[in-house]
Amino acid sequence: MSLMLFGLLAVMLVFMFMNTRKRQRQMKAQQEEKAAKTVPGAKVLLQGGLYGTVVSYDPVDLNKPAQVELAPGVVIEVHSQSILRVVDPSEFEDADDDAADVDADTTPAQGADDGIESITVETPEETKARLERNNDN
């Protein structure tokens with residue numbers, strides 16, 4: 001009887017070990033995929049719910065802070081592991097299409113006295129080029 005219990009315990013331990021190793025491999029593959037996608041100019045979602053554009057990121061040294069641009073000229077340093085995921089550009093295409101349908105012209109809204117005529121959204125390539133120009137200066 002006790003031999004059968006030890007056998008059952010051994011089978012459970014082997015199963016737990018194999019399951020843990022499988023999960024570790026999956027997590028490592030996900031981290032490597034995220035690190036490969038996280039390049040300067042990529043739009044990312046931070047764990048705090050903020051969207052931004054990557055300025056610099058070191059996939060080898062995760063203790064080194066990443067720089068993320070939240071708005072033109074507003075660059076923050078965040079822990080590199082606070083980047084939740086790289087955002088697929090198709091997520092924003094639907095929102096941009098809806099916004100373009102609502103307000104197609106560049107005139108200010110009625111009653112707006114702040115002088116802002118329009119807000120332009122940069123593509124990742126334009127953002128990367130602008131950041132490189134700023135770094136050269």
Side-chain angles (χ1 to χ4, degrees):
M1 180 73 156
S2 64
L3 184 61
M4 199 165 97
L5 288 175
F6 282 121
L8 182 60
L9 179 64
V11 168
M12 292 177 86
L13 288 174
V14 168
F15 177 73
M16 285 177 35
F17 178 75
M18 289 175 52
N19 198 20
T20 302
R21 296 285 296 161
K22 180 181 176 184
R23 181 69 183 143
Q24 286 176 344
R25 282 190 301 248
Q26 287 176 344
M27 287 179 63
K28 187 175 181 177
Q30 288 174 347
Q31 288 175 348
E32 289 173 355
E33 179 183 347
K34 183 177 86 168
K37 288 182 178 180
T38 307
V39 295
K43 288 203 66 91
V44 294
L45 173 64
L46 301 177
Q47 286 190 3
L50 298 172
Y51 288 95
T53 305
V54 175
V55 175
S56 70
Y57 176 79
D58 187 7
V60 176
D61 184 13
L62 295 179
N63 291 324
K64 185 176 178 183
Q67 293 185 342
V68 178
E69 183 179 46
L70 299 178
V74 180
V75 178
I76 62 170
E77 283 188 355
V78 296
H79 193 279
S80 60
Q81 292 179 341
S82 69
I83 296 175
L84 187 61
R85 64 183 171 95
V86 177
V87 179
D88 187 20
S90 65
E91 291 180 27
F92 289 102
E93 289 176 3
D94 296 335
D96 290 343
D97 291 342
D98 294 341
D101 292 342
V102 173
D103 188 26
D105 62 343
T106 59
T107 58
Q110 288 182 345
D113 56 357
D114 56 5
I116 298 176
E117 292 190 15
S118 68
I119 298 174
T120 58
V121 178
E122 293 180 333
T123 64
E125 293 80 19
E126 292 171 339
T127 302
K128 185 176 179 182
R130 181 177 49 81
L131 293 172
E132 288 174 353
R133 284 193 309 268
N134 289 346
N135 288 338
D136 290 342
N137 293 335

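Residue numbers start at 1 and run along the sequence shown. Hydrogens, waters and symmetry mates play no part in the numbers below; they use all other heavy atoms, side chains included.
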Single-linkage hydrophobic cluster Leu45~Val54, side-chain heavy atoms < 4.5 angstrom: no
Gap between atom CE of Met27 and atom CD of Gln24 - 0.5 Å precision: 8.0 Å
Separation of Met4 CE from Leu9 CG (nearest 0.5 Å): 13.0 Å
Results of salt bridge (Lys or Arg N to Asp or Glu O under 4.0 Å) for Lys64 - residues two or more places apart only: none
Hydrophobic cluster membership, Leu50 vs Val68, 4.5 Å side-chain cutoff: yes
Exercise: identify the closest heavy-atom pair between Gln81 and Gln47: O-NE2, 3.5 Å
Sub-4.5 Å side-chain heavy-atom contact between Val44 and Thr53: no
Test: Lys37 and Glu33 ion pair at under 4.0 Å: yes
Verify same cluster id: Val86, Tyr51 (apolar side-chain graph, 4.5 Å): no
Side chains of Lys128 and Glu125 in contact at under 4.5 Å (non-hydrogen atoms): no
Exceeds 12 heavy-atom contacts within 6.0 angstrom, atom CG of Leu3: no
Closest non-hydrogen atom pair, Ala66 against Tyr57: CB-CD1, 3.8 Å
Student check: side-chain heavy atoms of Phe15 and Thr20 closer than 4.5 Å: no
The single option from Asn134, Ile76, Leu131 passing side chain to side chain contact (heavy atoms under 4.5 Å, CB included) against Val55: Leu131
Nearest non-hydrogen partners of Gln67 and Glu77, listed with the distance: NE2-OE2, 3.5 Å
CG on Leu84 to CG on Leu46, rounded to 0.5 Å: 8.5 Å
Gap between atom CZ of Arg130 and atom CD of Glu69 - 0.5 Å precision: 4.0 Å
